[in-house]
Amino acid sequence: MTIAERIAALPTAVNTAAEFNGKLTQGAPSASVEKSKANAQTTKASVLSSLYAFDRADYTKEDALKKQWRKMNTVNLVDILDGTADRSNRSLSIQDLERRLQEGTATPSVDDTDMQMLEFEFKGLGFDAGPAYADVGAEKVSRNIEYLASRYAAMESKIKETYSGALQKAELDKLDQIYQRAVTRTADKYAEIVGGILEKNEVSGEKEKLSKAYIESVEARTAQYREFLKGNQDFTGVEGTENAWLAKDDEYVAARLREQNIAFQAAPAENGGYTRRDLEILGQYASEITVMEAKANTYDMNEERMGLEFAMLAMKTDTIEQEGGVSEELKETLEKTLDGFMESFMDRFDQQLSTNRDEAMTAYDSRGNTDLDKESVWNVYNKTMDEYRQSGDLMKALVKGAEYAKDRYDQKEAEGSVLGVYRYMNGASYWNNFFKANTGGGYDRTASTYSRHLTAFMDFKKRLDSGVGLQMNLTGSVNYYSANIGGELISEEA
């Protein structure tokens with residue numbers, strides 16, 4: 001009899017509950033009810049965040065105990081149907097479980113490999129490409145590479161210590177297959193998303209190079225961790241203690257490996273190519289330009305603002321190239337992407353305006369979506385970039401560019417040439433609030449568009465200098481970052 005037939009043969013459930021005779025009362029839920037709901041939500045969030053182990057980067061002894069408890073209480077469907085499922089461990093306390101692990105009497109033993117769980121956890125690694133914009137931040141690139149490399153190295157070490165002969169080879173072969181599938185899948189996903197964004201902005205032919213660089217980065221990190229384990233068998237500090245069983249938990253060992261902060265040493269790239277740092281930067285860069293486009297609204301993004309924000313993107317791109325520790329390969333790609341993005345952004349923006357006009361019900365609505373004046377965009381962009389090339393000062397160039405852009409915006413308004421154009425009608429606050437009052441020593445930094453650009457750039461620069469996850473903050477008018485800055489920001493004569 002098949003499992004399906006056996007399930008079908010089970011007796012039908014019968015509702016033996018008494019008829020409900022309670023009374024419903026109106027009013028606010030009691031404190032105990034609210035507390036129960038809150039506990040339920042907390043429990044649900046905990047369960048969801050624990051489905052994939054990489055979300056618990058620290059992975060403590062408590063995590064190891066909970067995982068072992070779940071392993072001991074995992075039952076087979078066939079055993080349930082046969083009535084032979086072992087449920088004796090369901091009432092086992094954490095304290096009793098820890099004692100058994102210390103004594104080596106837990107079943108299944110912590111020595112046992114769990115390839116199915118490892119593969120499940122590897123499946124949690126990836127990158128997101130939502131309907132609006134992608135999320136391939138530097139933190140995600142690092143997390144995926146570090147997790148894959150550390151788990152492989154730790155599991156390989158465990159297998160070699162636990163098994164021998166043909167069984168060891170079989171387990172190592174399984175591990176290698178799971179690892180290779182995960183590395184290839186994540187590399188291809190990264191290349192698909194990032195390479196796809198580049199193609200959308202007129203930079204083609206990068207997907208294969210990106211995938212290759214990602215795989216090489218994982219393999220280089222794996223080699224480092226394997227080498228470290230060879231000479232540091234007792235690095236976790238649990239050997240010879242009551243917690244020695246933790247050294248047999250590959251996930252615990254992997255988490256401690258990642259805490260070592262071993263300096264990453266990539267293998268020399270063949271014929272140039274992208275580095276791991278490049279992958280982190282490019283993933284964030286590609287993600288951020290999709291955010292910039294997704295948040296660009298044809299009803300308030302006018303030409304002068306577009307030109308200025310293009311210039312901010314260009315100046316940040318130059319800062320990455322000069323100070324970001326990236327390869328020549330990436331510098332070339334960033335330049336191409338920047339040029340392609342600005343052109344394609346305006347084309348898509350203009351196409352949306354055309355679509356809006358086609359769908360317009362009135363002449364007023366058609367006028368509101370008048371086509372984009374690219375010359376005005378380039379005028380502001382070039383004015384800002386000319387100042388940047390002369391001074392080398394991003395914020396000084398921003399001020400000069402913004403002053404020029406605001407004058408052009410005000411002139412168009414005064415002439416009436418943009419009368420009834422939605423993006424000028426709705427985008428006034430961007431320019432009206434750009435500088436606020438000039439106090440004589442510098443521009444007012446309170447809640448102005450300028451201050452948002454400034455603090456966004458400071459955050460970007462701080463992250464770039466420290467080597468942590470890059471934050472482009474491309475649209476200063478949208479992403480607001482407060483900063484407590486002493487002294488004057490910029491002089492009146494800037």
Side-chain angles (χ1 to χ4, degrees), residues 127 129-138 190-207 209-210 274 278-298 301-322 324 326 329-354 372-385 388-389 394 397-398 401 405 423 453 456-457 460 464 470-479:
F127 303 98
Y133 44 84
D135 183 9
V136 192
Y190 175 92
E192 175 191 342
I193 295 174
V194 176
I197 293 170
L198 299 184
E199 287 179 353
K200 182 182 177 183
N201 294 289
E202 303 176 16
V203 181
S204 59
E206 299 301 306
K207 287 184 178 180
K209 289 191 287 185
L210 291 171
Y274 294 112
D278 292 343
L279 297 177
E280 293 171 348
I281 294 274
L282 186 56
Q284 185 71 64
Y285 191 92
S287 298
E288 290 280 356
I289 61 176
T290 64
V291 172
M292 183 177 183
E293 183 163 7
K295 291 184 176 180
N297 192 323
T298 56
M301 172 71 84
N302 53 65
E303 281 81 341
E304 286 69 37
R305 173 180 165 185
M306 188 181 296
L308 189 67
E309 295 201 0
F310 277 173
M312 283 297 297
L313 170 59
M315 292 187 288
K316 286 180 180 178
T317 302
D318 184 69
T319 303
I320 292 171
E321 293 172 2
Q322 301 304 319
V326 300
E329 181 88 15
L330 182 60
K331 290 179 183 179
E332 183 179 347
T333 299
L334 289 177
E335 286 295 324
K336 292 179 181 177
T337 303
L338 173 65
D339 292 341
F341 172 71
M342 291 189 294
E343 287 288 355
S344 60
F345 179 98
M346 286 192 290
D347 288 342
R348 289 190 289 267
F349 193 93
D350 208 17
Q351 180 57 51
Q352 183 58 54
L353 289 170
S354 176
L372 186 71
D373 178 9
K374 293 184 180 181
E375 184 178 355
S376 289
V377 177
W378 287 125
N379 285 343
V380 174
Y381 175 82
N382 290 328
K383 181 70 175 180
T384 310
M385 294 306 295
Y388 178 68
R389 294 185 189 99
L394 183 148
L398 172 65
R423 57 186 179 274
H453 276 298
F457 175 68
F460 158 80
L464 185 68
L470 184 67
Q471 182 68 51
M472 291 294 292
N473 300 335
L474 295 180
T475 49
S477 57
V478 176
N479 297 318

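Predicted, not measured: the structure shown is a model, and the values here were computed from it. Hydrogens, waters and symmetry mates play no part in the numbers below; they use all other heavy atoms, side chains included.
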Are the side chain of [X] and the backbone N or O of [Y] linked by a donor-acceptor pair below 3.5 Å?
{"X": "E303", "Y": "S376", "answer": "no"}
{"X": "S287", "Y": "V136", "answer": "yes"}
{"X": "T317", "Y": "L313", "answer": "yes"}

Can you name the nearest heavy-atom pair linking [X] to [Y], along with the distance?
{"X": "M301", "Y": "A296", "result": "CE-CB, 4.1 Å"}
{"X": "E304", "Y": "V380", "result": "O-CG1, 3.7 Å"}
{"X": "T384", "Y": "G401", "result": "OG1-CA, 3.2 Å"}
{"X": "M315", "Y": "A397", "result": "SD-CB, 3.8 Å"}
{"X": "E343", "Y": "W378", "result": "OE2-CZ2, 3.6 Å"}
{"X": "G283", "Y": "V194", "result": "CA-CG2, 4.0 Å"}

If you measure from [atom1] on [X] to [atom2] on [Y], what distance do you get to the nearest 0.5 Å?
{"X": "L279", "Y": "Q284", "atom1": "CG", "atom2": "CD", "result": "13.0 Å"}
{"X": "I197", "Y": "Y285", "atom1": "CD1", "atom2": "OH", "result": "12.0 Å"}
{"X": "M292", "Y": "I289", "atom1": "CE", "atom2": "CD1", "result": "9.5 Å"}
{"X": "L198", "Y": "L210", "atom1": "CG", "atom2": "CG", "result": "6.5 Å"}
{"X": "Y274", "Y": "L282", "atom1": "OH", "atom2": "CG", "result": "6.0 Å"}
{"X": "M312", "Y": "M385", "atom1": "CE", "atom2": "CE", "result": "10.5 Å"}

Residues L353, R423; criterion side-chain contact (heavy atoms from CB on, under 4.5 Å); working and verdict:
CA-CA 10 Å; L353 289 170; R423 57 186 179 274; 3.6 Å; yes
Check the pair R348 / K200 against side-chain contact (heavy atoms from CB on, under 4.5 Å), numbers first and verdict last.
CA-CA 11 Å; R348 289 190 289 267; K200 182 182 177 183; 3.5 Å; yes
Is there a side-chain contact between N201 and L338 in this structure, where contact means two heavy atoms from C-beta onward sitting under 4.5 Å apart?
no
Taking the side chain as C-beta and beyond, is there a heavy-atom pair between I281 and L464 under 4.5 Å?
yes
Intermediate values then yes/no, side-chain contact (heavy atoms from CB on, under 4.5 Å), D339 and M342
CA-CA 6 Å; D339 292 341; M342 291 189 294; 4.3 Å; yes
Just one of D278, I320, D318, V326 clears the side-chain contact (heavy atoms from CB on, under 4.5 Å) bar with K331, so which one?
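Checked D278, I320, D318, V326 against K331; only one passes side-chain contact (heavy atoms from CB on, under 4.5 Å): V326.
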K374 vs D347, test: side-chain contact (heavy atoms from CB on, under 4.5 Å). Steps then yes/no.
CA-CA 9 Å; K374 293 184 180 181; D347 288 342; 2.5 Å; yes
Flag if over 12 foreign heavy atoms under 6.0 Å of CD, E332
no
Check salt bridge (charged side-chain N to carboxylate O under 4.0 Å, His left out) between E335 and all other residues, then give those that pass, not counting sequence neighbours.
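Checked E335 against salt bridge (charged side-chain N to carboxylate O under 4.0 Å, His left out); zero matches.
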For K209, which residues count as a salt bridge (charged side-chain N to carboxylate O under 4.0 Å, His left out) partner, sequence neighbours excluded?
E206, E329
What is the ring orientation for F310 with Y381, classed by angle as parallel under 30°, tilted 30 to 60°, or perpendicular over 60°?
perpendicular
